[in-house]
**Student:** 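I have a structure I would like to understand better, so I am pasting it below and will then ask my questions one at a time.
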Amino acid sequence: MNSSELNQQIIFVTGKGGVGKSTVAAAIAWSHAQAGQKTLLVELGYQSFYQDYFHLEKVSYKPTSLKPGLDVALWSGPECLREYALHLIKVETLYRLFFENQVSRSLINVAPALSELAILGKVTSHLRKVGPEMTYDCIVVDAFSTGHMLALLRAPLGMAEAIHFGPMGDQTRAIFEILKDSAKTSFFVVSLPEELPVIESLELSKGIHETTGSNPVLLLNKFLPIPGVLIKTQLESSFANFISATQERQNSALKKLSQPNVPVKKLPFILTSKSWEIVDTLAKEFIHA
Ligand SMILES: Nc1ncnc2c1ncn2[C@@H]1O[C@H](COP(=O)(O)OP(=O)(O)OP(=O)(O)O)[C@@H](O)[C@H]1O
Ligand SMILES: [Mg+2]
């Protein structure tokens, strides 16, 4: 492994449910791929969103190609844990003996932090030189939403406090070091441009900051740029009402963000139903950033 491979960048995209996390994560990943970086877009969980969204044949643990320079994969906690355990234990039958028996299975189920730790272990594995090679310049994670995201980030801390010695303790601390290193790991919180969602997103950003020390970029997604020249009398009254209500909502959201230390970026509402067109258009917002 040469030193340039250790420049891998990890980007987490989170936010409340339904705000556009997956779409924005894909756009960020695509912007990196277009900039010449070999990029992996990772979704977490058991069911792929991107498979249907991008009309792909199959999205699973093993990366598949989405576009030139851009692969996509779906990682679940148990799959990451399995790969890690196999890497440690090496022998498949020994792995089965321990991880696929009733007792250890229920242990995994009652210790969700283990599953979360395995996901973070996989995400950071290349930088820690553990496990199979993942020679990507950039990994973009379409991560969990709010509460689950904070639980994910806090998993290594809890585990490091519980386990002081041995390889598990060392690896847990190494994972956490990468999450805390803003040169390696960055965070985006996606929000709708409305007051309450913004207040909740700021809370999430605060939680991420308290856990990792990072200052996430807040992305105001589905922002409607309303030209100042658009005066009411030029519009049908119902549409005029919609425009002024939207403008008011967006302005009150922006007011909540007028504090220093919160990097904010507006992402426009793309008026199309074609998923790739949305992603491709949003990606341009990151290329020119
Ligand atoms: N800027 C945008 N302009 C237009 N449509 C968008 C934009 N961002 C997201 N969408 C659309 O909004 C819908 C929800 O987006 P998405 O599935 O990415 O949200 P999510 O936060 O990942 O949802 P979930 O919490 O269910 O995972 C999708 O149909 C997507 O195409
Ligand atoms: Mg999603």
Side-chain angles (χ1 to χ4, degrees), residues 11-34 39-56 59-61 64 66-67 70-77 116 119 123 139-153 187-194 196-205 207-208 216-226 242-243 246-247 249-250 253-254 257 264-289:
I11 297 169
F12 287 95
V13 180
T14 177
K16 257 182 71 142
V19 294
K21 293 181 298 297
S22 303
T23 308
V24 170
I28 293 173
W30 180 223
S31 74
H32 281 267
Q34 287 177 99
T39 302
L40 177 65
L41 172 63
V42 176
E43 46 183 336
L44 303 183
Y46 297 88
Q47 258 207 311
S48 173
F49 165 79
Y50 294 127
Q51 188 173 304
D52 290 343
Y53 197 56
F54 294 134
H55 312 289
L56 294 167
V59 174
S60 58
Y61 194 72
T64 34
L66 173 60
K67 291 281 162 181
L70 178 58
D71 289 354
V72 58
L74 168 71
W75 294 349
S76 72
E116 264 126 30
I119 289 173
V123 173
I139 297 182
V140 180
V141 185
D142 172 22
F144 299 127
S145 49
T146 320
H148 197 178
M149 178 65 188
L150 290 177
L152 176 77
L153 294 176
F187 298 87
F188 287 93
V189 172
V190 184
S191 176
L192 292 180
E194 294 172 25
L196 278 180
V198 160
I199 291 172
E200 288 178 35
S201 301
L202 287 172
E203 276 297 302
L204 172 58
S205 294
I208 294 172
V217 177
L218 205 141
L219 298 172
L220 284 179
N221 191 30
K222 301 192 183 180
F223 198 92
L224 273 178
I226 299 165
F242 166 76
I243 290 290
T246 302
Q247 199 161 27
R249 273 205 307 274
Q250 292 187 161
L254 286 172
L257 292 168
V264 179
K265 189 171 169 53
K266 295 173 197 163
L267 295 177
F269 200 124
I270 312 299
L271 294 168
T272 174
S273 57
K274 292 187 187 126
S275 41
W276 185 255
E277 205 175 312
I278 298 174
V279 168
D280 191 37
T281 312
L282 289 179
K284 294 185 175 70
E285 299 288 325
F286 293 95
I287 289 171
H288 300 298

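In listed order, ligands and their atoms are each counted from 1. These values consider heavy atoms only, across backbone and side chains, with no hydrogens, waters or symmetry-generated copies. No experiment lies behind these values; they were computed from the predicted model shown.
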**Student:** To the nearest 0.5 Å, how far apart are CG in Leu41 and CG in Leu70?
**Tutor:** 6.0 Å

**Student:** Suppose we measure from atom 8 (N) of ligand 1 to each protein heavy atom; which comes out shortest, and what is that distance?
**Tutor:** Asn221 ND2, 2.9 Å

**Student:** Quick one: do the Glu43 and Ser48 side chains pair a donor with an acceptor below 3.5 Å?
**Tutor:** yes

**Student:** Between Val19 and Asn221, does a side chain to side chain contact (heavy atoms under 4.5 Å, CB included) hold up when you go through it step by step?
**Tutor:** CA-CA 7 Å; Val19 294; Asn221 191 30; 5.8 Å; no

**Student:** Specify the protein heavy atom at minimum distance from atom 20 (P) of ligand 1: its residue, its atom name, and the distance to 0.1 Å.
**Tutor:**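 Nearest protein contact, heavy atoms only, for atom 20 (P) of ligand 1 is Lys21 N, 3.4 Å.
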
**Student:** Strictly under 2.8 Å, is the Mg ion (ligand 2) approached by any N, O or S atom of Thr23?
**Tutor:** no

**Student:** Show the numbers, then the answer: is there a side chain to side chain contact (heavy atoms under 4.5 Å, CB included) between Phe187 and Leu204?
**Tutor:** CA-CA 11 Å; Phe187 298 87; Leu204 172 58; over 6 Å; no

**Student:** Is atom 31 (O) of ligand 1 close to the protein, meaning a heavy atom under 4.0 Å from it?
**Tutor:** yes

**Student:** Applying ring-ring contact (aromatic ring centres under 6.0 Å, His included) between Trp30 and each of Tyr50, Trp276, Phe286, Phe54, report the one that passes.
**Tutor:** Trp276

**Student:** Counting heavy atoms only, which part of Asp142 comes closer than 4.0 Å to ligand 1: side chain, backbone, both or neither?
**Tutor:**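 It is neither part, as no heavy atom is under 4.0 Å.
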
**Student:** Among Leu271, Ile270, Val24, which residue satisfies the side-chain contact (heavy atoms from CB on, under 4.5 Å) criterion with Ile278?
**Tutor:** Ile270

**Student:** Which residue supplies the protein heavy atom nearest to atom 26 (O) of ligand 1, what is that atom called, and how far is it?
**Tutor:** Gly18 N, 4.0 Å

**Student:** For a 4.5 angstrom cut-off between non-hydrogen side-chain atoms, does Ile208 reach Thr14?
**Tutor:** yes

**Student:** For Val24, which part has a heavy atom under 4.0 Å from ligand 1: side chain, backbone, both, or neither?
**Tutor:** neither

**Student:** Leu282 heavy atoms, cut-off 4.0 Å: which ligand 1 atoms fall inside?
**Tutor:** 1 (N)

**Student:** Should the proximity of Ser275 to ligand 1, defined as any heavy atom under 4.0 Å, be assigned to the side chain, the backbone, both, or neither?
**Tutor:** neither

**Student:** What's the shortest distance from atom 18 (O) of ligand 1 to any protein heavy atom, and which residue and atom give it?
**Tutor:** Thr23 OG1, 2.6 Å

**Student:** What do you reckon, does Leu267 have a nitrogen or oxygen under 3.5 Å from a nitrogen or oxygen of ligand 1?
**Tutor:**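 No, there is no polar N/O contact under 3.5 Å.
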
**Student:** Please could you name the atoms of ligand 1 that Phe49 approaches to less than 4.0 Å, counting only its heavy atoms?
**Tutor:** 17 (O)

**Student:** In terms of atom number and element, which parts of ligand 1 are under 4.0 angstrom from non-hydrogen atoms of Tyr53?
**Tutor:**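 Counting atoms of ligand 1 from 1, those under 4.0 Å from Tyr53 are 30 (C), 31 (O).
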
**Student:** Considering only the protein, which heavy-atom contact is closest to atom 10 (N) of ligand 1, and what is its distance?
**Tutor:** Lys222 CE, 3.4 Å

**Student:** Quick one: CG on Leu192 to CD on Gln250, what's the gap to the nearest 0.5 Å?
**Tutor:**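 Rounded to the nearest 0.5 Å, the CG-CD separation comes out at 10.5 Å.
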
**Student:** Distance under 4.0 Å to a non-hydrogen atom of Gly17: what atoms of ligand 1 satisfy this?
**Tutor:**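 Those qualifying, in numeric order: 25 (O).
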
**Student:** Answer side chain, backbone, both or neither: which part of Ile278 comes under 4.0 Å from ligand 1, heavy atoms only.
**Tutor:**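 Side chain only.
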
**Student:** Answer whether the closest heavy-atom distance between the side chains of Ser205 and Val217 falls below 4.5 Å.
**Tutor:**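 Of all side-chain heavy-atom pairs linking Val217 with Ser205, none is under 4.5 Å.
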
**Student:** For atom 4 (C) of ligand 1, state which one of Ile270, Leu224, Thr281 supplies the nearest heavy atom.
**Tutor:** Ile270

**Student:** Applying a strict 4.0 Å limit to heavy atoms, is Ser273 in contact with ligand 1?
**Tutor:**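 Checking ligand 1 against Ser273, which is what was asked, there is no heavy-atom contact under 4.0 Å.
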
**Student:** Determine whether Thr39 and Ile28 make a side-chain contact, defined as any pair of heavy atoms from C-beta on separated by less than 4.5 Å.
**Tutor:**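 Not in contact.
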
**Student:** Within the 4.0 Å heavy-atom shell around Phe269, which atoms of ligand 1 are there?
**Tutor:**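 Listed by number with element, the hits are 3 (N), 4 (C).
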
**Student:** Report yes if the side chains of Val59 and Tyr53 come closer than 4.5 Å at any heavy-atom pair, otherwise no.
**Tutor:** no

**Student:** With a 4.5 Å cut-off on side-chain heavy atoms, are Trp75 and Val141 touching?
**Tutor:**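 No; the side chains remain at least 4.5 Å from each other.
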
